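Worksheet: one structure, shown below.
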Amino acid sequence: MAEKEEARVGVFICHCGTNIAGSIDIMDAVEYAKTIPNVAYADQYQYMCSTPGQGKIVEAIKEHNLTGIVVAACSPRLHEPTFRVATKEGGLNPFRFEMANIREQNSWVHMHDKESATAKAKDAIKIAVAKAALLEDLIPKSVPVEHAALVVGAGVGGIQASLDLASAGIKTYLIEKWPTVGGRMSQLDKTFPTLDCSQCILTPKMVDVGRHPNIELMTYCEIEKVEGYIGNFDITIRKKARGVLSPDEATARGIVGGGCNGCGDCAEVCPVIKPNPFEMGMAPRKAIYIYHAQVMPLLYTVDFDACVKCGLCVDACGDKKAIDLEMEDEFITLKIGTAIIATGYNLMPIENKREWGYKQFDNVITGLEFERLICASGPTGGHLIRPSDGETPKSVGFILCAGSRDNTGNGKPYCSRFCCMYSLKHAHQIMEKIPGTKVYLFYMDIRSFGKMYEEFYYRIQSEGAKFIRGRVANVLEDPQTRNLYVRAEDTLLGRPVEVECDLVVLAAAVQPVDEEDVIRKHFGVSKSQDGWMLEAHPKLNPCGTTTAGVFLAGVCQGPKDIPDTVAQAEGAASAASIPIHIGQVELEPYFAQCMEELCAGCGMCIDLCPYQALALVDRSDGSGRKVMSVTEAKCKGCGTCGGFCPGGAIKMQHFTSPQIHAQIDAFLCGGEQ
Amino acid sequence: MADEWNPKILAIICNWCSYAGADLAGGARIQYPSDVRTIRVMCTGRIDMLFIMKAFANGADGVLVSGCHFGDCHYLAGNFKAAKRMFMVKNVLKNLGLEDKRFRMTFVSASEGAKWATVISDVVKTVNELGPSPIAEFKK
């Protein structure tokens, strides 16, 4: 076949050591590539991504006057950026590059059938060459980045990320659904393995976020809408009606010297009592409330679901005029450049595991309830009691992996990672506070993986806690004494055991917060199989997501303890600050383009566009005809318009119809000379 | 001759979910049949019905379109808009007298490597049961 076009494609096939060469006959593929139309040069190398490998591309472009490059190697999701740079170094536009995936989607999944794998690789190369021959020069669009960031969730992860961003000089909006910052960590009594008081190490940071001039704290707020793209997100925040004005808000309303000063006179007179979720429902709060003494900001909140609007609080507040029972939700829009999601976790509904009796027996509690019961600022002032009769327990059983590492379909298949360690800590706290108490830990494996964790485990062993290796079959209650009988198989002794305990603590599995799915979808972040948010790469990009400019910190990405959460938060803050500090980002130029001569102006594409990037305008030739026009900054390149256009008038750059048709033809209609 | 027939199956898959899921299957070395060739697009919403019709006209024995789960689309709802079109493709195929089972749309997320392998195995099994496409036979 005579060459009608000028396309001169270079094909480079990677061995990837034996990763590819082990299952694919590379030399056969190279010889085959030379016969594909438009191929001007074909070569192979051990590792195309290495410096000499990339050098081959640069040299060949110059030597053979190539117009397009195909590298048959790993996934474009991995090395496309690498080879685009090499293509550029060779003097070609970087978008003149196409990758044939012959590793992840070939050699690794057809490891034992070299013949079929080689045939598939040849087809993949043929398909890639067909596209490469039609690739065009594209110029990425550079857009400015808003000098502000958003952090969603004000637990320890969100707090740390906000402080880092703000200290780097970036305006940071920290939004939190609770009326206070602090998150789960503020509910804990001590932290393992150092036994630092959790509040003592967290509250300085809570105070810092409240005070930092670059941080705008937005508590009792939720995300309503997310629009835009990296560098230019428009976020709509629902500021839930708090019913209480801060001093600033009061001043804005002309109430001089007014606003909430946290005196608590309102809560004193409020007649409505509800369980306090901060105390895991074990202590009361009023319909106008604060969660605990160290809340940040110190502002009361009206629970409008409970409030009877009697107005007693308004009277008690007096001249401060801080309470407005007619307040309504407000909507605030923010412009930000990048965002960090740090939404944390909930405990799984462990009552679903009926065998352990949670919510059936009063004396079965969860680890978080234990934290509040042993905490000096908790509902019992730190006196550990059993809920049924208020007595001090003499023997306490801990059930580890309660719902974790559970493949029954009624639990979580993953390890919740921090329950072993906090159960060890609980054991220590009991033995320290109530000497002589017997402590039994029923475990599958003790996972003490962190720095000084194993040493902590030894310490608890030496302090006298009894470790019984076996999953608990069931927990029964003696109706008279309300004591519990924990039944398990001791797998080390190979016999069943039954232990009488006054109190049983379930180290319940963790799961994403209820709102996670909503927030995830707002930002276009994918979900892992286990329900947590999906990172861009588990090893090399653990803070990033598939949405450019959106990062993850803490447990929302997968269970992790406080040190790991803080470390990831700092990583995410660093990653989120990079585009902001550079000040502009390059967007991949996969924009839609209208070919006006083909556009009939039907406008069907306009409703299809999820980003309102398309509009009908007068044709530029002055004919008065309407044609579609694209706002490039809004277009994200999905191609939904191009896939539907009845006239074929929409050109999706880098994924044009001629390119895709050529790929289909190459596969099905041969292509050999 | 009949013994040597290997089905020609085209898969057009989205970059964010199914392509990533297929990569994950590779990383995990989950083995599956080798008869499917993939073309990557950014979103299944990009897929023009003509791409699929062209593949069948060119003699493809089967075509697979795979994207994100509903609600998980990287571009909000491209997969949903694609799915609506794909029902039309099925109708057209039926009207042409071609088994509509030769064409399938599936939803495989970036974390579902094992599902990708299952989907491919199942598509290949279906097409093998149906035998060569009558269009391919006609073209010979």
Side-chain angles (χ1 to χ4, degrees), chain A residues 74-78 99 101 103-113 115-117 119-120 123-124 126-127 131 517 520-521 524-530 534 546-547 588 590 608 610-611 636-645 648 652 654-655 657 660-661 663-669, chain B residues 6 8 10 12 14-17 19-20 22-52 54-55 57-60 68-69 71-78 81-82 85 109-115 117 120 136:
Chain A
C74 49
S75 170
R77 294 173 58 88
L78 215 57
M99 203 148 178
N101 185 337
R103 194 179 75 171
E104 278 83 348
Q105 296 183 23
N106 191 338
S107 69
W108 279 352
V109 290
H110 316 304
M111 292 175 83
H112 312 298
D113 188 354
E115 198 181 323
S116 304
K120 185 175 175 179
D123 279 349
K126 190 164 71 179
I127 292 169
K131 180 164 179 182
D517 245 17
R520 191 172 68 68
K521 286 176 184 173
V525 173
S526 302
K527 179 165 77 170
S528 312
Q529 214 156 6
D530 50 14
L534 186 67
T546 47
T547 304
E588 279 188 319
Y590 303 159
L608 283 170
Y611 305 109
K636 292 196 188 182
C638 64
T640 305
C641 54
F644 195 79
C645 179
M652 288 311 306
H654 210 62
F655 292 90
S657 294
I660 295 173
H661 281 303
Q663 287 177 293
I664 295 169
D665 285 343
F667 167 37
L668 294 162
C669 302
Chain B
N6 284 318
K8 279 177 171 270
L10 176 73
I12 310 182
C14 85
N15 178 62
W16 302 100
C17 290
Y19 200 91
D23 278 356
L24 193 69
R29 312 295 199 276
I30 304 172
Q31 305 295 303
Y32 57 77
S34 62
D35 304 297
V36 178
R37 310 288 184 260
T38 50
I39 290 178
R40 180 172 69 121
V41 289
M42 295 313 276
C43 178
T44 48
R46 169 71 189 100
I47 300 170
D48 192 325
M49 293 201 297
L50 286 178
F51 298 163
I52 297 153
K54 171 149 199 164
N58 281 352
C68 307
H69 290 277
D72 262 358
C73 177
H74 189 74
Y75 304 101
L76 308 177
K81 289 161 191 163
R85 284 173 217 160
S109 82
S111 60
E112 293 177 329
K115 185 179 172 188
I120 295 295

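Everything quoted here is computed from the prediction, not taken from an experiment. Letters A, B, ... are given to chains in the order of the sequence lines, protein chains preceding strands, and every chain is numbered from 1.
- Residue Glu112(B) holds its CD atom at 9.5 Å from NZ of Lys527(A), rounded to the nearest 0.5 Å.
- If you measure heavy-atom distances from Ile47(B) to chain A, the contacts under 4.5 Å come from the backbone alone.
- When every heavy atom of Leu668(A) is checked against every heavy atom of Ala55(B), the shortest pair comes out as CD1-O, 3.4 Å.
- Looking at Arg46(B) and Ser657(A), their side chains come closer than 4.5 Å, going by heavy atoms from C-beta outward.
- In plain terms, the two heavy atoms of Arg77(A) and Asp23(B) that are nearest each other are CD-OD2, 3.4 Å.
- Side-chain contact check for Met42(B) versus Tyr590(A): some heavy-atom pair is nearer than 4.5 Å.
- Listed by chain and number, the residues in a side chain to side chain donor-acceptor pair (under 3.5 Å) with Ser528(A) amount to none (sequence neighbours excluded).
- Separation of atoms CG (Asp48(B)) and NE2 (His661(A)) is listed at 6.0 Å; rounding is to 0.5 Å.
- When Gln529(A), His654(A), Lys636(A), Gln105(A) are compared by the number of non-hydrogen pairs under 4.5 Å with chain B, Gln105(A) comes out ahead.
- Residue Asn15(B) holds its CG atom at 8.0 Å from OG of Ser75(A), rounded to the nearest 0.5 Å.
- At a 4.5 Å heavy-atom cutoff, the contact between Ala60(B) and chain A is made by backbone and side-chain atoms alike.
- For chain B, the option among Cys645(A), Gly642(A), Ala119(A), Cys74(A) with the highest count of heavy-atom pairs below 4.5 Å is Gly642(A).
- Ranked by heavy-atom pairs under 4.5 Å with chain B, the list Gly524(A), Cys638(A), Gly637(A), Gly639(A) is led by Cys638(A).
- Of the two parts of His112(A), the backbone and the side chain both hold a non-hydrogen atom closer than 4.5 Å to a non-hydrogen atom of chain B.
- Annotation for Arg40(B) and Phe655(A): closest pair O-CE2, 3.2 Å, computed over non-hydrogen atoms.
- Of the listed residues (Ala110(B), Ala20(B), Ser109(B), Gly59(B)), the greatest number of heavy-atom pairs within a distance under 4.5 Å of chain A belongs to Ala20(B).
- A distance-only check finds a donor-acceptor pair linking the side chain of Gln31(B) to the backbone of Met111(A) [under 3.5 Å].
- Across every non-hydrogen atom of Ile660(A) and Val41(B), the tightest pair is CD1-CG1, 3.9 Å.
- Interface remark: Leu608(A) contributes backbone and side-chain atoms alike to the contact with chain B (heavy atom separation under 4.5 Å).
- Looking at Arg29(B), both its backbone and its side chain come within 4.5 Å of chain A, counting heavy atoms on both sides.
- The contact between Lys8(B) and chain A is made by backbone and side chain atoms together, counting heavy-atom distances below 4.5 Å.
- With a threshold of 4.5 angstrom between heavy atoms, Ile664(A) approaches chain B through its backbone and through its side chain.
- With a 4.5 Å cut-off on side-chain heavy atoms, Phe667(A) and Ile39(B) do not count as touching.
- Taking OG of Ser526(A) as the start and NE2 of His74(B) as the end, the distance is 8.0 Å to the nearest 0.5 Å.
- For Ser34(B) against Ser116(A), the heavy-atom pair with the smallest separation is OG-CB, 3.1 Å.
- Here Gly71(B) is the residue among Gly27(B), Ala25(B), Gly71(B) with the most heavy-atom pairs under 4.5 Å with chain A.
- Panel note: side chain Arg520(A), backbone Asp72(B); no donor-acceptor pair is recorded below 3.5 Å.
- Thr640(A) approaches Gly78(B) most closely through the heavy-atom pair OG1-CA, 3.9 Å.
- Heavy-atom pairs under 4.5 Å with chain A were tallied for His69(B), Arg85(B), Lys81(B); the largest tally goes to Arg85(B).
- No part of Ala28(B) comes within reach of chain A, as not one of its non-hydrogen atoms sits under 4.5 angstrom from that chain.
- The contact between Leu76(B) and chain A is made by backbone and side chain atoms together, counting heavy-atom distances below 4.5 Å.
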